[in-house]
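For ligands, and for the atoms within them, numbers begin at 1 and follow the listed sequence. Below, all heavy atoms of this structure are taken into account, side chains as well, without hydrogens, waters or symmetry copies.
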Amino acid sequence: MNILVINSGSSSIKYQLLDMDRERVLVTGLVERIGEVHGGLTNRTNPGTKNERLIQRSPTIPDHNSGMRLVIEQLIHGQDGPVVGDISEIHAVAHRIVHGGESFRQPVLVTEKVIEAITANVVLAPLHNSANLEGIRVAMELFPDVEQVAVFDTVFHQTIPPYAFLYALPYELYEKDRIRRYGFHGTSNKFVAGECARILDKPVQECNLITLHLGNGCSVTAVKNGCSVDTSLGITPLEGPVMGTRCGDVDPALHAILHRNRGMDIEAIDTMLNRESGLKGVCGLNDMRDIHAARQKGDEMAQLAFDMFVYRIKKYIGMYFAVLGRVDAVIFTAGIGENDSEVRESVLSGLQGLGITLDKVANDRCPDAWMRINAPESRVEVLVIRTNEELEIGRQAVEVLSQELVRESPFWAATLQSGMVS
Ligand code: AMP
């Protein structure tokens, strides 16, 4: 079964065509700068194999519809050879949706009602959900006969109990406006939790984990018996550790102070906290690789930004140890978590009291799909696991489609399970 996974942003569409029978990436690509004079298409066929083929073009891409047509054109009539014979060989389209609010506790088939509910959550994530909806709308137009599945970044965290997801605000804000912690990076969390369980050779339902998703956006999640019980990102992806350009935790009175003292309006404050803060706000750089280079040249502000980044993550590890009681593994994932041994070493230094001892030699290696970096005497396993959100979205889509087929026709369910639809 071939599934096209789409992550539609405000001016870009990331896509992967996955052969889910073999869990293999057939094509991965990016349509970007939609709406600008020079758009961009990067398409990689058979990525990571000796048959990899790369196409890069800069056509004008006026809107998402043209962007998606370009993708389909590339898949069927690409200069580097067709990947599928025709559109019917794409059996489903799976969409990454950032904010499911409280409306969704699992991935679902896209229906009019589902679109309405995603639209109702636009207020919680205006940029993300609007762009995701645009992706759904265009895909429904261009793939009219194909099932569309919505997979939500928030779903994994729907198991967080009220005492952890509520903010201590007047309760009616939750009742009327659904103001609460939702958490994000759920797809990544579910993927690495599953991988971790496989590595530890025990059911995920028995795993207590602390996941450190450290990329441009960062989050820390406490997973108890395979379920999220707390996470650092909140009603929006701004709360928690220091991020590339996002501030993470601040005193909420900050808004009033900035307004009174500097005359900043709420839009200016929101932009500053999301785009001009975090590592960038402190030292002017938001990419951890650039920060290392600056530190090596003796840049004190880069060092300060690095120290703040590490310290805040360490604090969250301590908090979530207290939340979980027993921790089987700490997992590092995403751009920084997977690649930056110095961040990992600094984050874990001094945590022997929590049963965490790092193997520094192992930590300096480069992981394939995963690697273990704790010393043998460490009570807690420490794993670096490369996340794969697209594959997780594909897996969840297959699950939704199988359940739907079971409901509609046991015959088709059996066919699907036997791999006859490929
Ligand atoms: P992500 O959001 O998961 O794509 O992660 C992006 C971030 O990961 C970048 O902004 C970099 O800060 C960081 N990153 C990627 N590769 C490396 C690397 N080799 N070493 C350190 N940081 C890296």
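Ring to ring, His99 and Tyr182 are close: their centroids are under 6.0 angstrom apart.
Applying the salt bridge (Lys or Arg N to Asp or Glu O under 4.0 Å) test to residues at least two apart or on different chains, the pairs with a partner in residues 121-140 are Glu134-Arg137, Arg137-Glu141. Applying the side-chain hydrogen bond (donor to acceptor under 3.5 Å, both in side chains) rule to pairs touching residues 231-250 yields Tyr167-Glu239, Arg181-Glu239, Thr221-Thr231, Asp249-Tyr316, sequence neighbours excluded. Listed by first and then second residue, the ring pair (Phe, Tyr, Trp, His ring centres under 6.0 Å) pairs that reach into residues 42-73 come to none, sequence neighbours excluded.
A donor and an acceptor atom, one from each side chain of Ser341 and Asn363, are nowhere located under 3.5 Å apart.
Between Glu102 and Gln158, the shortest heavy-atom distance links the atoms CA-OE1, 4.1 Å.
Ordered by chain and residue number, the residues placing a heavy atom less than 4.0 Å from ligand 1 are Gly215, Asn216, Asp287, Met288, Arg289, Ala334, Gly335, Ile336, Asn339, Asp340.
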